[in-house]
Amino acid sequence: MAPALNAENELLKDLNEPQKEAVLHGDGPLLVLSGAGSGKTRVITRRVAHLVQVRGVYPWRILAVTFTNKAAREMRERLVQLLGPQAHELVVSTFHSSSSMILRRVLRDPTVGADKSLEAVTGGLTPSFVIYDDGDQLQLVKRAMREVRVDPIMQPREILHRIDQEKNAARLPDDMVVDSEDLRGMVVQKTYRAYQRLLRAANAVDFGDLLLLLVALFRKRSDVLEQYRRRFQHILVDEFQDTNPVQYELLRLLAPPERRPNLVVVGDDDQSIYRWRGASVDNILGFPEEYVGARVVKLEQNYRSDQTILDAAHAVIARNTRRMPKKLWSDRPKGEHLQLLMNRDERAEAQDVARRIHELQREGFIKYSGMAVFYRTNAQSRVLEEALRLARVPYTLVSGRSFYDRAEVRDAAAYLRLMVNPRSDADLLRIINTPARGIGDTTVERLVDWAQQAGVSLYEATAAPERIPGLNTAAVRRLTGFHAVVSSLHAFAQESKDAASAVDQMLKESHLVESLVTEGSDESLSRAENLREFLGAAQEFDLNRAAAAVAAASLGDEEGEEVPERPPEEESLDDSPLTADVPPLNAFLEQISLVGEADAEVGEGRVALMTLHAAKGLEFDAVFITGMEDGVFPHSRALASEDPDGEEMAEERRLCYVGFTRARKRLFISLAQCRSLFGELRYNPPSRFLREVPQSLFGFAEQELETPVPKSAPMVARKRNWADEDDGPRVDRSYSQTSDMDGVGGDVRGMRVRHEQFGMGRIVSADGNGPNAKVTVEFGGGVGLKRVIARFLMPG
DNA sequence: GGACATATTATTTTT
DNA sequence: TAATATGTCC
């Protein structure tokens, strides 16, 4: 067919051989191993377009999964350019949001609803479930701990983390393997069970459940699974190296290896940097064994960075042992040398960075928007910001707290979820006294106790508060008033045809805006403003939704030639969009819980400041990597881990690789002799990663360095001298000097001390060092043993 | 219920 | 150091 050929040529334009191979790959599994900057996103998009335009695959049979919403949005936009309105029929989204769409749909399936045996899995979850985020989860864990009265040997945070890990590993509470010796494991499991009960009682799921439940349902109901296997005949996954075990399990269910499915996974094992939140590199490393006969295509030509930068990146990453061998190459010029910035402390470092940014801009080759400063931890950003502000360099801090993280917006979201689903206890607890309506801790506590006894949700308990023992008439009256608000909002939500009117109604009836305006402080007024913005977001959401509906509807009747005729035997296949008939308010809620902030505008004409993690997927002409010191980067935690050459260090190294390969032309690596960390002054040796970069890649122009550095052995050799340089920093070294002695500086046991509150006492033991060293003191006056912070003590 | 003091704790962060 | 959590008092 000639038109198809034309389309094909168009789609293969400017692609190199391996890229073409990936786009044109026929049927069966394919692993695209893509080095940094080798155009993988382009390959996925072109392949999707190819499937539709040339191979005539129906768009609704394609599932493209990305890692972030931002990536999904960008891919959708590109596909609309390539395919036109047809692209709206493709499912392009993250694992979580596609799972939630499928999960709602599965739960709506009448045969699933009728299947009582599934209740063990679903816990009675209905399709209108709400999604709980981290904060809600933590509240639930605390309540679960109270309920099951587990030994307080673990912090709620730690338990929650373990629960998340279990879910990431695709384990339901009952699948959890706990050996009877493992006390902590038992605590986790007990809490996990209670936590799941609370979650289900509120008709809620957490992020982990979104995937895990679908996996569990698919395992139980092969007929339902089969429907989705038939529907999604082509599955493409981006950033495969960052998938966790549940996600992989879901993929294996939808695209079982033995059927040689059309599963295309794209990723770079060298850029796997999310192990700490459950991602497993093994997924990508083991893919060829799991999907036997999978084709592997390597994209090794880099289009982004100059050779010098690639050489540096390669020198670092090559030290990792478990990786798929590949080496990036480029036909770009060698480029400029790397530059090493060495400074006294983090302030000098920041000033140096600011100065060089200014110079680069003045030279006129690189614009502010082409530059970025990376750091390992967020705490490092402050000094950098100060220096840039002082140097009048415009910058944007990428990430930071997002709009939906702000307290008032979260309150509003809690109200909305309660509107949809009044059983949501976590949301009710959040806003029962927001704005203040005189329902205090005691009242809430009695309410919670009673509801738990009666086995009803908190909302139901507020229906007739006079039943609750111990409440005075005022409390009863207030609870009744609160119930009236929620029930009226709930009724409104059932009727509302769009999200904005529901949000508007909620803001009025809850008095959220009103109370903030009444308060009248600058801060509360800006909060009120945020709430109006929230309403604006809902309006925008409605508009988009309407537009998408129009686009979808017009597809059918306009020119039919574009849309392939569906064969008769496919009639039974459900091809309706996955979002069909989700009520607008639910859909809006879904969006705000699954989508963080809209855009982290890497601003016009501004230097971007971000963590190395946030840098993934981006590129800049000039990149500054700061804090290149052992203990900062690699992070002290990796250095301290039981196996300092193990997975943790490997991940830091990959992070370094990611950082280096973001740079197109200039790479500046910066370190400081000392920096203060948690109020303590630390002397860190230069990063081991720095030492792994061949010296020849650096240009050491004397005048560019703060302190002259011998051309030979610029890094390691100087390490020892730093601490005793003549013009060294004027610093209070008392902490570092005491640090190797037993905690607080010599043996202090038996010393008499005085504490503001507890009076006189005698030190029994000491632990820790630095300003937060603690001592155990035996106080007189009936106070007894107390562990207090040493600096709050006076010698007595 | 809020103000104040005292204690605690410091990766990375998406969904 | 600095941001937050917890506890105590009125």
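Letters go in sequence order (proteins before strands), and every chain restarts at 1. Because the structure is predicted, anything quoted here is derived from the model rather than measured.
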*Using the purine O4'-C1'-N9-C4 or pyrimidine O4'-C1'-N1-C2 torsion, is dT11(B) syn (within 90° of 0) or anti?*
syn
*Within this structure, what is the CD-to-P distance between Gln137(A) and dT15(B), rounded to whole angstrom?*
15 Å
*Aromatic ring of Trp276(A) stacked on base six-ring of dT12(B), 5.5 Å, 30°*: yes
*asked:* Any salt bridge linking Glu647(A) with Arg654(A)? Criterion: basic side-chain nitrogen under 4.0 Å from a carboxylate oxygen.
replied: yes
*asked:* In this structure, how many angstroms lie between the P atom of dT13(B) and the OH atom of Tyr375(A), rounded?
replied: 8 Å
*Please report, rounded to the nearest Å, how far the C1' atom of dT11(B) is from the CD atom of Gln380(A).*
10 Å
*Which pair of non-hydrogen atoms, one from Leu211(A) and one from Ser99(A), has the smallest distance, and what is that distance?*
CD2-OG, 3.0 Å
*Which whole-number value in Å describes the distance from Glu346(A) CD to dT1(C) C1'?*
11 Å
*Under 4.0 angstrom between Asn69(A) side-chain N/O and dT14(B) OP1 or OP2*: no
*Please state how far atom CG in Asn378(A) lies from atom P in dT13(B), giving the value in whole angstrom units.*
5 Å
*Heavy atoms under 4.0 Å, any strand shown: does Gly208(A) hit a base, just sugar-phosphate, or nothing?*
nothing
*Could you tell me how the ring of Tyr274(A) sits relative to the ring of His613(A): parallel (under 30°), tilted (30 to 60°) or perpendicular (over 60°)?*
tilted
_So Asp133(A), base contact, sugar-phosphate only, or nothing? Heavy-atom distance under 4.0 Å._
nothing
*Tell me: CZ of Phe374(A) to P of dT13(B), nearest whole Å?*
13 Å
*asked:* Need one value for Phe67(A): base, sugar-phosphate or nothing, where a base atom within 4.0 Å counts as base even if backbone is also close, heavy atoms only.
replied: sugar-phosphate
*Cation-pi between Arg653(A) and Phe689(A): NZ/CZ under 6.0 Å from ring centre and within 45° of the ring axis?*
no
*Ion pair Asp136(A)/Arg417(A), N-O distance below 4.0 Å*: yes
*Touch check for Arg376(A), heavy atoms < 4.0 angstrom, all strands: base, sugar-phosphate only, or nothing?*
base
*Scan every strand shown for a Watson-Crick or G-U wobble partner of dT12(B), both distances under 3.5 Å, and answer none if you come up empty.*
none
*Specify the residue among Thr68(A) and Ile439(A) whose closest nucleotide of DNA chain B lies further upstream toward the 5′ end.*
Ile439(A)
*Grab the CZ-C1' distance between Arg382(A) and dA10(B) for me, whole Å please.*
14 Å
*In whole Å, what separates the C1' atom of dT11(B) from that of dT6(C)?*
24 Å
*Taking only the side-chain nitrogens and oxygens of Ser636(A), find out if one of them lies under 4.0 Å from OP1 or OP2 of dT11(B).*
no
*If you look at every strand shown and take non-hydrogen atoms under 4.0 Å, does Glu239(A) touch a base, only sugar-phosphate, or nothing?*
nothing
_Rounded distance in Å - CG (Leu677(A)) to P (dT12(B))_ = 11 Å
